[in-house]
Amino acid sequence: MLKNKDRIIFHIDVNSAYLSWEAVYRLQQGETIDLREIPAVVGGDPKSRHGIVLAKSIPAKQYKIQTGETIYSALQKCKDLTIVKPTYDLYIKCSSAMMEVLKSYSPSIQRFSVDECFLDYTHMKEHFGEPEEAAHRIKEQIKNELGFTVNIGISSNKLLAKMASDLIKPDRVITLFPEEIPEKMWPLPVEELFMVGRATTPKLHKLGIYTIGNLANYDVEHIRYRLKSYGLMIWQYANGIEDSMVRAGSHMDMKGIGNSTTISFDVMDKETAHMILLSLVETVAMRLRDALCCCRLVAVSIKNSSFKSYSHQKKLFSPIDTTNELYPIVWDLFDEAWQGEPIRNLGVRVSELCSNEFYQKSLFDHEKKERYRALDTAIDALRLRYGSKSIIRAGFLHSGIKPLTGGVGADDYPMMGSIL
DNA sequence: TCTGGGGTCCTAGGACCC
DNA sequence: TCTGGGGTCCTAGGACCC
């Protein structure tokens, strides 16, 4: 029986992913300046109210520019900051190219996000040698073949491998085995521990916990009493305790599908809101069918111009997957929830997914439903063949609203969430 | 021309049933 | 007249991740 402590897990993390990928692409296009070597960020357009920093170069980091802050504020910190728009299609391609390289080193890979994954190296030693040696080979191969650098963290579980890859950047292989925890992980500020975020940090500070080591050595019952199961989890993380498997997941274990959008102006009327919701539904429903799923729960979220968010959801009697069934539900949910204030952001999310192949037909299903499904299938096929803009609803023609909104590209991948 | 968009999981409270 | 308690489902909101 293999003990957990004998596992070898790699965490591969692309350094400044979006920015690196933009830099590589631009160099390939004949650009002479490497974005990674100047103060630069990838960020949206403030005009359309998308103005936040998505990724920064290391020189930009020297100006204390942080991911998530506004472009406006970043410019205050660095007057001649270079700002480039995100191109998500490129990122999906770069991510997939990296996955192809990693697949040749282990069959057991868990994609954690577009720029991070876990690789189980446990049984690969006889093929590729000692873990550190292999990690260096992987890192160099990605650099040489794809042009960007990665960090690789090595340990006996996913949590420690992930913490390891964060220790020193960029272009590094770093180990963090259990015996190295006191020296390498405990001195770090507690907010650098995975799952300790903005809300938990001040609560821990109030308890006199400032470092990961403070948390690790705190009375576990007391922390559990104060922070419930969450407290127990982060206490275990601080002690390097975590034993989840590397799940070579597919989109089959996706829990939900959602799209949301920040509108470039404040929406003041129901009709416009309905149009935007319909364009979100088109994308959500298409992704749902693409995953061969139906959903049983539909939710609408609203963020108003004062940044207050609220949501409204409905559990369905029978699972659905067609645009024509989904949008009336979404419109109703919106009408019930909207408090009449100016709207900044709208979202649609479906969950409680099940297979669409053998879904239980309810007694109240009617033949119309079958026609809807046939229509959607035909539209999906046209969009696949001639592009997403080849067929749009007439209502969008003169609306000034995009007929399809959102999506993460053809290559949906499962995200991991709070539990490793 | 300040504040994105994609996820997962947990909790609390109320309804409802026995 | 007094006011059980357990279980499950549903909903809204908030925490965290990238």
For atom CD of Q313(A) and atom P of dT8(B), their distance in whole Å: 14 Å
Separation of atom NE2 in H50(A) from atom C1' in dC2(B), rounded to whole Å: 14 Å
Side chains of Y105(A) and Q141(A), donor plus acceptor under 3.5 Å: yes
Sugar-phosphate only, base, or nothing, as touched by F307(A) at under 4.0 Å among non-hydrogen atoms: base
Touch class at under 4.0 angstrom, heavy-atom based, for T262(A) against every strand present: sugar-phosphate
Selected nucleotide, minimal atom distance to T261(A) side chain, candidates dT3(B), dC18(C), dG5(B): dG5(B)
Residues from residues 331-347 of chain A lying under 4.0 Å of DNA chain B - heavy atoms: R344(A), N345(A)
Between P of dG4(B) and OH of Y88(A), the distance in whole Å: 11 Å
From CA spacing to verdict: side chain to side chain donor-acceptor pair (under 3.5 Å), E242(A), S244(A): CA-CA 6 Å; E242(A) 194 275 321; S244(A) 69; 2.5 Å; yes
T87(A) side chain to D89(A) side chain, donor-acceptor N/O pair below 3.5 angstrom: no
Interatomic distance where CD1 belongs to I83(A) and P belongs to dG4(B) [whole Å]: 15 Å
Short side-chain donor-acceptor distance under 3.5 Å, T149(A) and N15(A): yes
Centroid-centroid under 6.0 Å between W235(A) and Y218(A) rings: no
W21(A)/Y25(A) aromatic ring centres below 6.0 Å: no
Nucleotide nearest I52(A) when distance is taken to its side chain, options dT3(B), dG6(B), dT11(C): dT3(B)
Sugar-phosphate only, base, or nothing, as touched by G43(A) at under 4.0 Å among non-hydrogen atoms: nothing
Atom-to-atom span, OH of Y91(A) to C1' of dG5(B) - whole angstrom: 13 Å
Length of the CG-C1' vector between L227(A) and dC16(C), whole Å: 13 Å
Solution key, residues 266-280 of chain A side-chain donor-acceptor pairs under 3.5 Å, sequence neighbours excluded:
from    : atom 1 : to      : atom 2 : distance (Å)
D266(A) : OD1    : R49(A)  : NH1    : 2.9
D266(A) : OD1    : R49(A)  : NH2    : 2.8
D269(A) : OD1    : T272(A) : OG1    : 2.8
D269(A) : OD2    : E271(A) : N      : 3.3
D269(A) : OD2    : T272(A) : N      : 2.9
D269(A) : OD2    : T272(A) : OG1    : 2.9
H274(A) : NE2    : D335(A) : OD1    : 2.9
S279(A) : OG     : I276(A) : O      : 3.0
S279(A) : OG     : K402(A) : O      : 3.4
S279(A) : OG     : T405(A) : OG1    : 2.7

K158(A) charged N/C atom sitting above F118(A) aromatic ring, 6.0 Å / 45°: yes
Atom-pair distance (CG on L193(A); P on dC18(C)), nearest Å: 11 Å
Residue whose nearest DNA chain B nucleotide is more 5′ - Y72(A) or R349(A): Y72(A)
Touch class at under 4.0 angstrom, heavy-atom based, for T200(A) against every strand present: sugar-phosphate
Worked verdict on I9(A) versus L119(A) for side-chain contact (heavy atoms from CB on, under 4.5 Å): CA-CA 6 Å; I9(A) 308 296; L119(A) 183 151; over 6 Å; no
Side-chain donor-acceptor pair present, Y91(A), E22(A), cut-off under 3.5 Å: yes
Sugar-phosphate only, base, or nothing, as touched by S229(A) at under 4.0 Å among non-hydrogen atoms: sugar-phosphate
For DNA chain B, the dot-bracket pattern of Watson-Crick and G-U pairs whose distances stay under 3.5 Å, | for other-strand partners: ....||||||||||||||
Residue mapping more 5' on DNA chain C - nearest nucleotide basis, R296(A) or S311(A): R296(A)
Touch class at under 4.0 angstrom, heavy-atom based, for I71(A) against every strand present: nothing
Sugar-phosphate only, base, or nothing, as touched by G51(A) at under 4.0 Å among non-hydrogen atoms: sugar-phosphate
Sugar-phosphate only, base, or nothing, as touched by K315(A) at under 4.0 Å among non-hydrogen atoms: sugar-phosphate
